[in-house]
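Single-structure report; data block below.
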2 protein chains.
Amino acid sequence: MTDRSSAAGKPIRTAITDEDGIDFAIIELFFFAYRDFTSDPDQILADYGFGRAHHRVLHFVNRRPGLTVAELLDVLKITKQSLARVLKQLIDTDHIVQVQGLRDRRQRELYPTAKGRALALALARPQSRRIRAALEDSGTAERASIERFLEAMVNPELRAQINIVPAQTSGKKNGDH
Amino acid sequence: MTDRSSAAGKPIRTAITDEDGIDFAIIELFFFAYRDFTSDPDQILADYGFGRAHHRVLHFVNRRPGLTVAELLDVLKITKQSLARVLKQLIDTDHIVQVQGLRDRRQRELYPTAKGRALALALARPQSRRIRAALEDSGTAERASIERFLEAMVNPELRAQINIVPAQTSGKKNGDH
DNA sequence: GGAATTACGTCAGTACTGTTGACGTAATTT
DNA sequence: AAATTACGTCAACAGTACTGACGTAATTCC
């Protein structure tokens with residue numbers, strides 16, 4: 001082993017570059033940035049026996065309280081089975097509750113509990129800190145550019161999902177309780 | 001099922017917002033952006049029976065030809081065993097070759113073959129296209145800001161890895177040739 | 001009202017990527 | 001010669017994802 005076995009291709013000793021108009025610089029930066037971006041919450045999650053999947057579910061249930069299982073599947077782009085285990089654990093551990101839909105009683109609306117809200121915040125905190133620090137490094141004025149860039153990286157058809165976000169009008173969407 | 005079982009916490013019906021100073025907007029954008037960023041190569045990889053791990057190995061071996069297994073482990077931040085399977089497949093399929101180190105014959109220097117170089121380029125092409133499109137959307141002048149931001153998102157201690165890159169990143173970082 | 005469809009839960013089986021721990025070997029260093 | 005290093009490999013296991021199929025309750029369609 002270890003040597004060029006006769007049949008194998010010859011080693012190319014020159015590095016790939018941005019020659020062909022391929023933007024390796026940003027490709028690589030994106031990889032490193034995302035890796036470290038997820039590393040903070042990953043450590044917290046480990047204490048709960050949770051993984052990254054739990055985080056995503058928790059995040060979106062907190063962001064869009066009352067979304068249904070089908071909507072969640074659509075946002076996460078995973079299958080029912082993949083979600084099932086993770087969601088079950090979050091429900092069993094009292095981070096999320098299901099409420100029967102009013103309009104359609106087949107639907108399960110998902111809501112965070114106080115516990116689930118707290119965990120979501122705890123997980124987001126280090127990420128937000130990292131973002132703030134990065135923005136400061138590059139000048140606060142750049143924030144809009146970054147947002148535009150990231151949004152433009154998303155598939156156009158799917159960009160709708162992003163804007164479903166709760167418009168944060170302090171929303172008394174329903175004044176009941 | 002489906003109802004609030006007595007012991008469970010009460011559902012919180014208000015969406016989490018950027019109130020607590022948490023930057024949910026960018027957190028979410030980053031998730032969506034990365035999800036779609038990796039989706040293009042994932043489809044190509046499927047044709048080869050490869051996964052995302054193969055892509056990463058292929059990428060870095062092309063970027064830093066001659067790096068050793070230990071260096072690769074350090075960049076990817078995974079364990080030897082995780083790398084082993086993936087690397088073996090890439091070698092068996094003649095995308096990567098190992099060459100005994102000259103200085104230290106225990107080391108295996110990793111190089112892409114022509115086949116491996118071609119695949120790396122094919123995988124990077126759609127990603128680069130997506131990046132270019134996104135940059136155009138946000139104005140080409142923003143490129144530097146994006147790079148700075150992404151780099152600032154990386155853990156400071158690990159930022160060194162980025163700059164090991166084969167010089168002449170996207171141009172003017174150093175004025176050679 | 002009965003049939004089709006929908007929303008969900010769940011069971012079975014599988015794949016990929018990641019982990020830890022241990023052991024072996026060749027090469028280098030002390 | 002002994003210790004260490006770089007790597008390969010074996011075993012066992014975990015987390016997350018997938019496909020396909022089946023069941024049930026609720027809604028919609030005719």
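A quick note: this is a predicted structure, and the numbers were derived from the prediction, not measured. Letters go in sequence order (proteins before strands), and every chain restarts at 1.
Between B:F60 and A:F32, the angle of the ring planes lies from 30° to 60°, which puts this pair in the tilted group. Between A:Y34 and B:F30, the ring planes lie tilted relative to each other; the angle falls in the 30° to 60° range.
Rounded to a whole Å, the CD1 atom of A:I96 is 14 Å from the P atom of C:dC8. Regarding A:D104, its CG atom lies at a distance of 6 Å from the P atom of D:dT28, rounded to whole Å. Here the P atom of nucleotide C:dG9 and the CG atom of A:D92 are 12 Å apart, to the nearest Å. One can place CD of B:Q100 at 9 Å from C1' of C:dA27, the figure rounded to the nearest angstrom. In this structure, CD1 of A:I78 is placed 15 Å from C1' of C:dG9, rounded to the nearest angstrom. For the pair B:E109 CD and C:dA27 P, the interatomic distance rounds to 15 Å; values are reported in whole Å. Rounding to whole angstrom units, NZ of residue A:K77 and P of D:dT19 are separated by 13 Å. In this structure, the CG atom of A:D42 is 13 Å from the C1' atom of D:dT16, given to the nearest Å.
For the pair A:R103 and A:E109, the salt-bridge criterion is not met [side-chain N within less than 4.0 Å of a carboxylate O].
The side chain of B:R56 places an N or O atom within less than 4.0 Å of a non-bridging phosphate oxygen (OP1 or OP2) of C:dG18. Applying the 4.0 Å criterion to OP1 and OP2 of C:dG9, one finds that A:R108 has a side-chain N or O inside that range. For D:dC18, the OP1/OP2 oxygens have a side-chain nitrogen or oxygen of A:T79 closer than 4.0 Å. Residue B:Q81 has no polar side-chain atom (N or O) positioned under 4.0 Å from OP1 or OP2 of C:dA22.
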Side chain to side chain contact (heavy atoms under 4.5 Å, CB included) between A:V69 and A:Q107, worked out: CA-CA 8 Å; A:V69 172; A:Q107 296 184 329; over 6 Å; no

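Within 3.5 Å, a donor on the side chain of B:K80 pairs with an acceptor on the base of D:dG8, or the reverse. With hydrogens and angles left out, the side chain of A:R106 and the base of D:dT27 share no donor-acceptor pair within 3.5 Å.
If you check every strand for non-hydrogen atoms under 4.0 Å, A:H54 touches sugar and phosphate atoms only. At a threshold of 4.0 angstrom between heavy atoms, the contacts of A:R85 include nucleobase atoms, whether or not backbone atoms are also involved.
Across C:dC8, D:dG8, D:dA17, the shortest atom-to-atom separation from the side chain of B:Q98 is found for D:dG8. For B:K88, counting side-chain heavy atoms from C-beta on, the closest listed nucleotide (C:dG9, D:dT9, D:dC7) is D:dT9. Each of D:dC7, C:dT19, D:dT27 was ranked by its minimum atom distance to the side chain of B:Q107; first place goes to D:dC7. Proximity note for A:S82 (side chain, C-beta onward) versus D:dC18, C:dC8, C:dT28: the nearest is D:dC18.
Projected onto DNA chain D by closest heavy-atom contact, B:I91 and A:Q89 fall at different nucleotides, the more 5' of which corresponds to B:I91.
Side-chain N/O atoms of A:N155 and B:R130 include a donor and acceptor closer than 3.5 Å.
Residues A:H55 and A:Y48 place their aromatic rings such that the two centres sit no closer than 6.0 Å.
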